[in-house]
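First up is the structure itself, then whatever we jot down about it.
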Amino acid sequence: MGKLEDININHLSLWVQQAKTLAAQGSVIQRIPILSVANPYWFAVHICCQSGENYTLGDNACIFPLMSVIKPFSFLYLLEHLGTENVLNWVGVEPSAMPFNSLEQLMTDSGKPRNPMINSGAITLADKLPGKNGNHRTQLFCQWLNKLAGSQLYLDLEMLASVRATRSQINVAIAQYLYQTQHIENIELALDTYEQICCISGTVEDLAKLGKLLACASSFISSQHRQIVNAVMLTCGLYEASPQYAVKIGLPIKSGISGALITIVPGQGAIASYSPALDSIGNSVAGLTLMETLSQNLQLSIFS
């Protein structure tokens, strides 16, 4: 396995330019009004190494909602607060061959979410977050992340209003089925909490700092919990494209429909990118292209 800190900034700059040219192959999500106006050619990357080295390129002042990139961290938060046995009773760790918002997959599985990286799993875990209501739960969760990671994440209320105004009816149907099968206790609370945590926002630097929580051993996060989250990200983090990228890249990765992408290089650091043009599955085209280039050139795959 190669070393992340061996990266050459000139090579990185070239690889970013090459990745950006492929953004034209993707398209920006249209369902959420504020996200739909993002420039498809925005691109930012921040690399945070365990050694303390940092590398930043591109539109790094861009602030974006984490959307589904929050899912590994809500999973980690609940593992830390409520324990492995409880959390794995609520959600499985199996990959899904269906889209991230598939009700059909949930019904096939009799209401137990296949994994925490798809919407049914994340909505189920949102139902279990500590706190008296959605606002309180999101506040406690965001404070915990910022304290541990040294990030400056915050809830973007304008983004949340945009998400609420166009609430996903598929997510509503998923929550109703989870309730019917007794996997969640409160439909509205689960959905409200889920929508709020998806609107936690920041920069690529904030996201890379979060990733470092999963990449590097520390005295404040259980190594077993890090291991579980990373394993599930590797097999499930890019939805039905996860197996393909486990072969091509060989690192735990999680994507979000905002164009956010977090990649964990275990024991070495984290790579956060932001590029809003998505492929048909919902993953950032340019972000994954850059990750493939980095992994292959630096031999970062955990299998190398």
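Computed over heavy atoms, backbone and side chain alike; hydrogens, waters and symmetry mates excluded.
For the residue pair Pro40 and Ser275, the shortest heavy atom distance occurs at O-OG, 4.2 Å. When all heavy atoms are compared, the tightest approach of Thr193 to Gly134 is OG1-CA, 3.5 Å. Nearest heavy atom pair, residue Ala44 against residue Asp59, reads CB-O, 3.4 Å. Nearest heavy-atom pair, Thr124 versus Pro113, reported as atom, atom and distance to 0.1 Å: OG1-CG, 3.2 Å. Contact record, Asn115 with Val91: C-CB, 4.5 Å, taken as the closest heavy-atom pair. Pairing each heavy atom of Ala215 with each of Gly269, the nearest pair is CB-O, 3.1 Å.
Taking CG of Leu278 as the start and CD of Gln30 as the end, the distance is 10.0 Å to the nearest 0.5 Å. The structure places CG of Leu4 at 9.5 Å from SG of Cys48, a figure rounded to the nearest 0.5 Å. Atoms CD1 and CD1, on Ile174 and Ile123 in that order, are 5.0 Å from each other to the nearest 0.5 Å. The distance from atom OG1 of Thr138 to atom NE2 of His136, rounded to the nearest 0.5 Å, is 10.5 Å. Separation of atoms CG (Leu88) and CG (Asn86) is listed at 9.5 Å; rounding is to 0.5 Å. Note that the CG atom of Leu148 and the CG atom of Leu145 stand 7.5 Å from one another [nearest 0.5 Å].
Side-chain contact check for Ser273 versus Met291: every heavy-atom pair is 4.5 Å or farther apart. With contacts defined as side-chain heavy-atom distances shorter than 4.5 Å, the pair Phe100/Ile257 qualifies. Side-chain contact between Asn60 and Thr203: absent, with no pair of heavy atoms (C-beta onward) separated by less than 4.5 Å. At least one side-chain heavy atom of Pro95 sits under 4.5 Å from a side-chain heavy atom of Cys236. Asp156 has its side chain out of reach of Pro65: every pair of non-hydrogen atoms, C-beta onward, lies at least 4.5 Å apart. Taking the side chain as every heavy atom from C-beta outward, His183 and Lys112 approach each other to under 4.5 Å. Residues Lys254 and Ser68 meet the side-chain proximity criterion, which asks for heavy atoms closer than 4.5 Å. In this structure, Ile9 and Leu57 have side chains that are in contact, with non-hydrogen atoms separated by less than 4.5 Å.
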Would you please test Leu189 and Ile184 for side-chain contact (heavy atoms from CB on, under 4.5 Å) and show each step?
CA-CA 10 Å; Leu189 180 57; Ile184 65 172; over 6 Å; no
Could you go step by step and tell me if Ile271 and Leu261 meet the side-chain contact (heavy atoms from CB on, under 4.5 Å) rule?
CA-CA 8 Å; Ile271 306 164; Leu261 198 73; over 6 Å; no
Would you sort out whether Leu66 and Phe73 count as a side-chain contact (heavy atoms from CB on, under 4.5 Å), showing the intermediate values?
CA-CA 11 Å; Leu66 300 190; Phe73 301 99; 5.6 Å; no
Could you go through Ile29 and Met67, starting from their C-alpha distance and side-chain angles, then the distance that decides it, and tell me whether this counts as side-chain contact (heavy atoms from CB on, under 4.5 Å)?
CA-CA 12 Å; Ile29 186 102; Met67 291 292 160; over 6 Å; no
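Here ring-ring contact (aromatic ring centres under 6.0 Å, His included) pairs that include residues 21-64, with residues two or more places apart or in two chains, are Phe64-Tyr274. Within the structure, salt bridge (charged side-chain N to carboxylate O under 4.0 Å, His left out) pairs that include any residue of residues 173-199 comprise Arg164-Asp192, Arg167-Glu188, Arg167-Glu195 (at least two apart or interchain). Under the side chain to side chain donor-acceptor pair (under 3.5 Å) criterion, the residue pairs touching residues 282-304 are Ser255-Asn283, with sequence neighbours excluded.
When the side chains of ILVMFWY residues are joined at heavy-atom separations under 4.5 Å, either directly or via intervening members, Tyr194 and Leu178 end up in a single hydrophobic cluster. A continuous path of ILVMFWY side-chain contacts below 4.5 Å connects Leu125 to Leu214, so both sit in one hydrophobic cluster. Criterion: ILVMFWY side-chain heavy atoms under 4.5 Å apart, direct or through other members. Under it, Trp144 and Ile197 are part of a common hydrophobic cluster. Under a hydrophobic clustering in which Ile, Leu, Val, Met, Phe, Trp and Tyr are joined whenever their side-chain heavy atoms come within less than 4.5 Å, directly or via other members, Leu76 and Val69 fall into the same cluster. Connection of Val172 to Tyr177 is established within a shared hydrophobic cluster, with ILVMFWY side chains joined at heavy-atom distances below 4.5 Å, either directly or through further cluster members.
Other residues, nucleotides and ligands contribute only 12 or fewer heavy atoms inside 6.0 Å of the CD atom of Gln152.
Inspection of the Asn171 and Asn119 side chains reveals an N or O donor paired with an N or O acceptor under 3.5 Å. Between the side chains of Tyr179 and Asp127, no donor-acceptor pair is found at a separation under 3.5 Å.
With hydrogens and angles disregarded, no donor-acceptor distance shorter than 3.5 Å links the side chain of Asp279 to the backbone of Gly26. Within the 3.5 Å criterion, the main-chain N or O of Gly150 finds a donor-acceptor partner in the side chain of Lys209. Within the 3.5 Å criterion, the main-chain N or O of Leu153 finds a donor-acceptor partner in the side chain of Asn146. With hydrogens and angles disregarded, no donor-acceptor distance shorter than 3.5 Å links the side chain of Ser162 to the backbone of Met159. For the pair Ser74 (side chain) and Lys71 (backbone), a donor-acceptor distance under 3.5 Å is present. Looking at Arg137, its side chain does come within 3.5 Å of a backbone N or O of Leu129 through a donor-acceptor pair. Put simply, the side chain of Gln50 never gets that close to the backbone of Cys216: no donor and acceptor are under 3.5 Å apart. Of the possible polar contacts, none joining the Glu205 side chain to the Thr56 backbone as a donor-acceptor pair under 3.5 Å is found. Asp206 contributes no side-chain N or O that, together with a main-chain N or O of Ser151, makes up a donor-acceptor pair within less than 3.5 Å. The backbone N or O of His11 lies less than 3.5 Å from a partner atom in the side chain of Asn8, making a donor-acceptor pair.
Residues that satisfy the side chain to side chain contact (heavy atoms under 4.5 Å, CB included) test with Gln143, not counting sequence neighbours, are Gln139, Leu140. Judged as a side chain to side chain contact (heavy atoms under 4.5 Å, CB included), and not counting sequence neighbours, the contacts of Ser218 are Phe220, Ile221.
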Acceptor/donor pairs from residues 242-251 side chains to any protein atom, 3.5 angstrom cut, sequence neighbours excluded:
| residue | atom | partner | partner atom | Å |
| --- | --- | --- | --- | --- |
| Ser242 | OG | Gly237 | N | 3.4 |
| Ser242 | OG | Leu238 | N | 2.9 |
| Ser242 | OG | Tyr239 | N | 3.2 |
| Ser242 | OG | Tyr239 | O | 2.6 |

